> 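Sharing a structure with you now.
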There are 2 protein chains.
Amino acid sequence: MSASNLTVTLGDVAAAAGVSVSTASRALNGNAKACRISATTADRVREHARRLGFRPNLLARSLQSRRSGLLGVVVPDVANPFFAAIAKEVTRGAEEAGRSVLLADSGECNEREVTLVAELQARRVEGLVVCPVGVDSTHLEAANAAGTPVVVVDRGFRDGSLPTVTSDHRGGAERLIEHLLELGHRTIGIVQGRPGTLPNDDRLRAARDALAAVGVSIDDVPVAGNGFTERSGYESAARLLADRPDVTALFAFSTPNAFGALRAAAEAGRSVPNDLALVCFDDVPHGEFLRVPLTAVAQDVRRLGQTAAEVMAERLETGRPPRRRRYTVPVRFIARASSGGPLPGAEPRSRRRSSRESLAAGAPR
Amino acid sequence: MSASNLTVTLGDVAAAAGVSVSTASRALNGNAKACRISATTADRVREHARRLGFRPNLLARSLQSRRSGLLGVVVPDVANPFFAAIAKEVTRGAEEAGRSVLLADSGECNEREVTLVAELQARRVEGLVVCPVGVDSTHLEAANAAGTPVVVVDRGFRDGSLPTVTSDHRGGAERLIEHLLELGHRTIGIVQGRPGTLPNDDRLRAARDALAAVGVSIDDVPVAGNGFTERSGYESAARLLADRPDVTALFAFSTPNAFGALRAAAEAGRSVPNDLALVCFDDVPHGEFLRVPLTAVAQDVRRLGQTAAEVMAERLETGRPPRRRRYTVPVRFIARASSGGPLPGAEPRSRRRSSRESLAAGAPR
DNA sequence: TTGAAAGCGCTAACAG
DNA sequence: CTGTTAGCGCTTTCAA
């Protein structure tokens, strides 16, 4: 029996085989041919390595080769299926490239993110894929400048130099607003997520723009909310419905926001979609089994992760900086029951094809 | 400006400060006092370290100290919220203990799991938390024996020596069956998950036992299914409903299984809960917004992960083997609409308090 | 075809 | 109080 033994070193194998460590190293690394090691010697070394259960120490190898084979991944909440899906695709990509993933959870806390990034750098990760908390990017810019390539996913920063992969937030928001406009809605309440983050602000701006385009003044667009959570959705929707009883539709910026809004609507005695239309950014798994299936814009989370993985892989393999700074992944509009039918008394209005839509660039390839 | 610079070594700092590397090392590791380094020297070293942006190379430190500070985590599918939640808790626990997590995704493939475990061992992880694919454990037993402590979560192995953290599968299954029995059901179809895995087989056995206890012969319990997926749920439920039109209730072993069964029921023209009761193991987030809220047994996923983290932490900190081999986390029964009301013509039957229930042991502390 | 030796960056005995 | 020395386990010139 040759149970693998973590304490057996290359030296032990070499000794057992009666060769030097350098020979053993060469024999085991397939450099046999290249380094002109005799077949018999190579076999002997391999045989002894097997017998002793030799497992090369990757820490030592990394130290010497200056290549850790590690990729750092930082997300605000691993338990969130959205980030979990991204982590999965990135992990898969890394493993295909022979790298392992060091996963860290920032818990939506910027300071923690800073610490974690430093820690990962100390472990000499070769690259960093980060879904940042989103308020500050100096630590990421610094890491990138210091030679650890950084790719940012989901949330990002309006300026700066980091390659960023996001969904087409603007296109998606615009599409949802257009949909509501088609149905005759004009007073649309916005249940936003976390202000200051790029996805939130992009969606908000796009929504306002789309409304402004049909003459709805910005003051006539009630907005509330302070996070992508159900709680924020509930509280802000409740407030919105109380303050502005004239809203006929709600646009929630996340599914938790939408579920919160659903609760608030129910408590306010407004049934969806009859007394209130509801649309949301992000789809919910098994949405078809909901009591009120939600009209939504689905992000292609896997593609988000894959794109990040590809951008990182290219950066790592070629050593060249990324081709672009922004990679925008298209979203998918799904009309379902929650947005209801045309508002009574509304003149039908056909959807004007959005200029953005055709711009939504896919990932390379 | 002192941008952190990954290429600055301890030697550089020492040179700049005009001391030897050992002095520099001691000054920076807080061993100043213990090693009687003069305060001024220590300060000078620290100052230069800061100025140069020195970041200690953890790979080198790990190699020398023989402590990688790494914990390996292997799950069948990171994108699955269940495993993501476990990964999160374990990650949190590891980070609290100053360790980083190497995350790997086995993709439900046993061979891949074997490879990944070997890879993680090569990276000298100090411990391994694994949600195994579940068919073979020799590689895990080997790792454990070779000195890398292994903790198994969710799926596990009936025999072997690995400490295992699971939900109370038997108690949960028994509870659901009891519930259906109370409502008067006697012909209950089982939409199982992946046969051969411990959770599946434990649930199946408990369900059969509970039915046998009221005189339902094992041949009268139709069972179908080959995975925890929606597809398996759909196909097996369809088959079950076709072959045994007399079933009045279905017990799905996972939420995807349940959603599949829901589709199959709809296609078979049986509405839930009126023409067919449905219960399932595992809860679904936002279950209250489903058209037919599902009666379920919810696993305490976070506690599953926390327990695994604790068991691992204790093992790592004390060096002692775990106190027990099985850690069973209680589940929570939630009655909702999908199981319907009492079956017409069924004599009411009060629930016999299960012997298992009181046995469901919590995690230590 | 193989070995000796140097060194990756760090820590820790052991001497001063 | 601080420097010297010897590695941790591996790869890789450079010689032989």
Side-chain angles (χ1 to χ4, degrees), chain A residues 4-46 48-49 52-70 121-126 147, chain B residues 4-46 48-49 52-70 121-124 126:
Chain A
S4 87
N5 188 331
L6 271 358
T7 69
V8 173
T9 75
L10 189 57
D12 298 334
V13 175
V19 298
S20 71
V21 281
S22 35
T23 303
S25 171
R26 292 187 276 241
L28 294 176
N29 289 325
N31 301 341
K33 294 287 151 31
C35 295
R36 296 162 318 191
I37 297 281
S38 78
T40 65
T41 308
D43 281 348
R44 187 152 37 88
V45 171
R46 278 192 283 267
H48 282 277
L52 295 176
F54 170 68
R55 321 250 56 196
N57 183 328
L58 257 35
L59 291 174
R61 211 209 287 276
S62 298
L63 177 59
Q64 142 71 35
S65 65
R66 289 129 165 291
R67 299 194 55 253
S68 68
L70 256 25
Q121 282 187 278
R123 291 199 185 273
R124 297 305 190 263
V125 293
E126 295 175 18
Chain B
S4 87
N5 188 329
L6 270 359
T7 68
V8 173
T9 74
L10 189 56
D12 298 333
V13 175
V19 297
S20 72
V21 281
S22 37
T23 302
S25 169
R26 290 187 278 239
L28 295 176
N29 289 324
N31 300 341
K33 295 286 151 32
C35 295
R36 298 162 314 191
I37 298 281
S38 78
T40 66
T41 309
D43 281 348
R44 185 154 36 91
V45 172
R46 277 192 283 265
H48 282 277
L52 295 175
F54 169 68
R55 320 250 55 197
N57 184 328
L58 257 36
L59 291 173
R61 212 210 282 280
S62 298
L63 178 59
Q64 138 71 33
S65 67
R66 289 131 167 289
R67 298 194 57 253
S68 67
L70 256 25
Q121 283 186 279
R123 290 200 186 274
R124 296 306 190 262
E126 293 174 18

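The structure presented is a predicted model; accordingly, all values stated were derived computationally and were not measured. Heavy atoms only: backbone and side chains are in, while hydrogens, waters and symmetry mates are out. Letters go in sequence order (proteins before strands), and every chain restarts at 1.
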> Using atom types as modelled, flag every donor-acceptor pair under 3.5 Å from a side chain in residues 13-22 of chain B to any protein atom, sequence neighbours excluded.
{"unit_1": "B/S20", "atom_1": "OG", "unit_2": "B/S22", "atom_2": "OG", "d": "3.0"}
{"unit_1": "B/S20", "atom_1": "OG", "unit_2": "B/T23", "atom_2": "N", "d": "3.3"}
{"unit_1": "B/S20", "atom_1": "OG", "unit_2": "B/T23", "atom_2": "OG1", "d": "3.1"}

> With a 4.0 Å cut-off on heavy atoms, is A/T41 in touch with a base, just the backbone sugar-phosphate, or nothing at all?
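Contact class for A/T41: sugar-phosphate only.
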
> What pair of heavy atoms forms the shortest contact from B/N5 to B/L52, and how long is it?
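Nearest heavy atoms, B/N5 then B/L52: CB-O, 3.8 Å.
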
> For residues A/R124 and B/R55, report the shortest heavy-atom separation together with the two atoms involved.
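Heavy atoms only, the tightest pair is NH2-O, 3.1 Å.
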
> In whole Å, what is the span from the CG atom of A/L6 to the C1' atom of D/dG9?
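Going from CG in A/L6 over to C1' in D/dG9 covers 13 Å.
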
> What heavy-atom pair brings A/R46 and A/A27 nearest, and what distance separates the two atoms?
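For A/R46 versus A/A27, the nearest heavy atoms are NH1-O, 3.0 Å.
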
> For nucleotides 9-13 of chain C, give me every protein contact, N/O to N/O, under 3.5 Å, one pair per line with atom names.
{"unit_1": "C/dG9", "atom_1": "OP1", "unit_2": "A/R66", "atom_2": "NH2", "d": "3.1"}
{"unit_1": "C/dC10", "atom_1": "OP1", "unit_2": "B/N57", "atom_2": "N", "d": "3.1"}
{"unit_1": "C/dC10", "atom_1": "OP2", "unit_2": "B/L10", "atom_2": "N", "d": "2.3"}
{"unit_1": "C/dT11", "atom_1": "OP1", "unit_2": "B/N29", "atom_2": "ND2", "d": "3.4"}
{"unit_1": "C/dT11", "atom_1": "OP1", "unit_2": "B/R61", "atom_2": "NH1", "d": "2.2"}
{"unit_1": "C/dT11", "atom_1": "OP2", "unit_2": "B/S25", "atom_2": "OG", "d": "2.9"}
{"unit_1": "C/dT11", "atom_1": "O4'", "unit_2": "B/Q64", "atom_2": "NE2", "d": "3.4"}
{"unit_1": "C/dA13", "atom_1": "N6", "unit_2": "B/R26", "atom_2": "NH1", "d": "3.3"}

> With respect to A/F54, which candidate in A/L6, A/L28, A/V45 satisfies the side chain to side chain contact (heavy atoms under 4.5 Å, CB included) definition?
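Testing each of A/L6, A/L28, A/V45 against A/F54, the sole residue satisfying side chain to side chain contact (heavy atoms under 4.5 Å, CB included) is A/L28.
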
> Output the rounded distance in Å from CZ (B/R123) to P (D/dC10).
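So the CZ-P distance, B/R123 to D/dC10, works out to 14 Å.
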
> Using side chain to side chain donor-acceptor pair (under 3.5 Å) as the criterion, list what pairs up with A/R123, not counting sequence neighbours.
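Residues passing side chain to side chain donor-acceptor pair (under 3.5 Å) with A/R123: A/E119, B/S100.
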
> Measure from CZ on A/R67 to P on D/dC10 and round the result to the nearest Å.
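My rounded result for the distance is 18 Å.
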
